[in-house]
Amino acid sequence: MSNQDKLFIFDTTLRDGEQSPGASMTKDEKVRIAKALEKLQVDVIEAGFPMASPGDFDSVQAIARTIKDSTVCGLARALEKDIDRVGEAIKEANSGRIHTFIATSPIHMKHKLNMTPDQVVEHAVWAVKHARRYTDNVEFSAEDAGRSEIDFLCRICEQAIKAGATTINIPDTVGYNLPQQFGETIRTLIERIPNADQAIFSVHCHNDLGQASANSLAAVLNGARQVECTINGLGERAGNASLEEVVMAVRTRRDLFECDTRLDTTQIVNCSRLVSGITGFPVQPNKAIVGANAFAHEAGIHQDGVLKSRETYEIMRAEDVGWSRNRMVLGKHSGRNAFRSRLEEIGITLDSEEELNDAFRRFKELADKKHEIFDDDLQALVNDAGFSAENERVKLVSLRVCSETGETPTARVVLSVDGEEQEGGSIGGGPVDAAFRAMESIIGSGAELQLYSVNSITSGTDAQGEVTVRLQRNGRIVNGQGADTDIVIASAKAYINAVNKLEQEAGRAHPQKARV
Ligand code: KIV
Ligand code: ZN
């Protein structure tokens, strides 16, 4: 594919996505998501904003060391200290990029930066040149370009390219634009900037008016060749353009677009589930591509049509985006090899024999409780295995809950805390409330519960429940997950997972994160 035929996908789930309140992720979780994005074959993974905190720096560095087939990028304001920090974090990447930005709208220049337009151009040029000392892969973003004056945008982008930027990104930072207008902005920039052919034009759209994907696609129709987006449209406020919508629109409407991505779209649903599970942000059932109902035909007339010929009501094939038929894949007599090969078939490779053994042990436990194990169960099981590393200080030993009509629910729990078993009990408004209070009587975390959600992984009353618990303490927010056929036990696992993450975080210095 030439650069004109190719649409580069720049995923910012780990940076802009993580800026959604409550979506913060640990380093291990970010590395797991980065690996899934690499398997999806995104071109660029924006791994974080290293200057924001030591934790962000560590995550970007860990991802740069791990990922081989995607470019790993770090974000920097147009400041020496930010750029140096990214340069250091991506030093060991196979392919690394520095993404530097400065605001260009009159409102931001005046009220946020307190700079004249000339000073802003000077900073941008200096920043790009400084970033080029670390790598020749430098992206420049004109923050709030969507509300900037076109003449000024032309001027600053031309200077940034002259200084060495190889990608020019035009963000609609506040989601103010509409598709036709945004498309025209991109076309004008490409036509008017004399050295536009020396850079790839990129867009980064927010979804405040629900137009992020539409604006991104309008930009592609007008010459943009990189789209910045996130899995499930995660991101600040109403989110960013959703990767799955942009990628599938371009692929499905090849008749309109003169370009395509290199993505392996069969990995989309896996990525969506992973991000949703880790962040605790559920995917709405009617969400395009990745919602549970996206390919479900309820109305008789639709079902009839699809059975006769699927094109009557289907414009994409569910399996092309990674929806499996969710057939029964394994049972309690399945062996380790069958287990491993089914995981591989659905795109999951575990890193070590140890991880495989651990996941297989959990599989056997689950198969004892649940007759039929579906692909979705395997996915949850492996996600659960991934969390075990964080479940270090506190472990669930046993839980007993009594719930009876007309009686107050009670719970007794035994936890292992730093290797020592402790027992606690409580009553509660319901069995989950009683269990949480019983655990808290031992742990005493003092954390505030911000979110509790349960999702059934498959259908049937023996399905596993996947629980997310969001806890907040001293301004630090963490999400914990747990899955089990017993939803009270799944809830306890999720609570303990979140508490362990809080404990891990408490062990680290955590200066207030700088926001972009
Ligand atoms: O929305 C925005 O403008 C950004 C930039 C930092 C690219 O996220
Ligand atoms: Zn953004």
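One-based numbering, in listed order, for ligands and for the atoms of each. Not measured: the values here are computed from a predicted model. Along the sequence shown, the residues carry numbers beginning at 1. Atoms considered below: every heavy atom in the structure, side chains included; atoms not considered: hydrogens, waters and symmetry mates.
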Suppose we only allow N, O or S atoms; which atom of D16 ends up nearest to the Zn ion (ligand 2)? OD2
Which N, O or S atom of H206 lies nearest to the Zn ion (ligand 2), by name: NE2
Can you tell me which portion of T12 lies within the under-4.0 Å heavy-atom range of ligand 1? Options are side chain, backbone, both, or neither. neither
Supply the atom-to-atom distance [X] [atom1] to [Y] [atom2], rounded to the nearest 0.5 angstrom.
{"X": "T265", "Y": "R251", "atom1": "OG1", "atom2": "CZ", "value": "5.0 Å"}
{"X": "L256", "Y": "L217", "atom1": "CG", "atom2": "CG", "value": "10.0 Å"}
{"X": "R317", "Y": "F295", "atom1": "CZ", "atom2": "CZ", "value": "10.5 Å"}

By number and element, which atoms of ligand 1 are closer than 4.0 Å to a non-hydrogen atom of H206?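 Ligand 1 atoms under the 4.0 Å threshold to H206: 1 (O).
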Under 4.0 Å from one or more heavy atoms of E143, ligand 1 contributes atoms 3 (O)
I'd like to know if [X] and [Y] make a salt bridge, using a cut-off of under 4.0 Å between side-chain N and carboxylate O.
{"X": "R273", "Y": "E466", "result": "no"}
{"X": "K287", "Y": "E245", "result": "yes"}
{"X": "K91", "Y": "E88", "result": "yes"}
{"X": "E228", "Y": "R15", "result": "no"}

Check this for me - ligand 1, [X], N or O atoms closer than 3.5 angstrom, yes or no?
{"X": "N169", "value": "no"}
{"X": "D144", "value": "no"}
{"X": "H204", "value": "yes"}

Decide, counting backbone as well as side-chain atoms, whether E236 has an N, O or S atom less than 2.8 Å from the Zn ion (ligand 2). no
Can you tell me if R15 contacts ligand 1 (heavy atom of the residue under 4.0 Å from the ligand)? yes
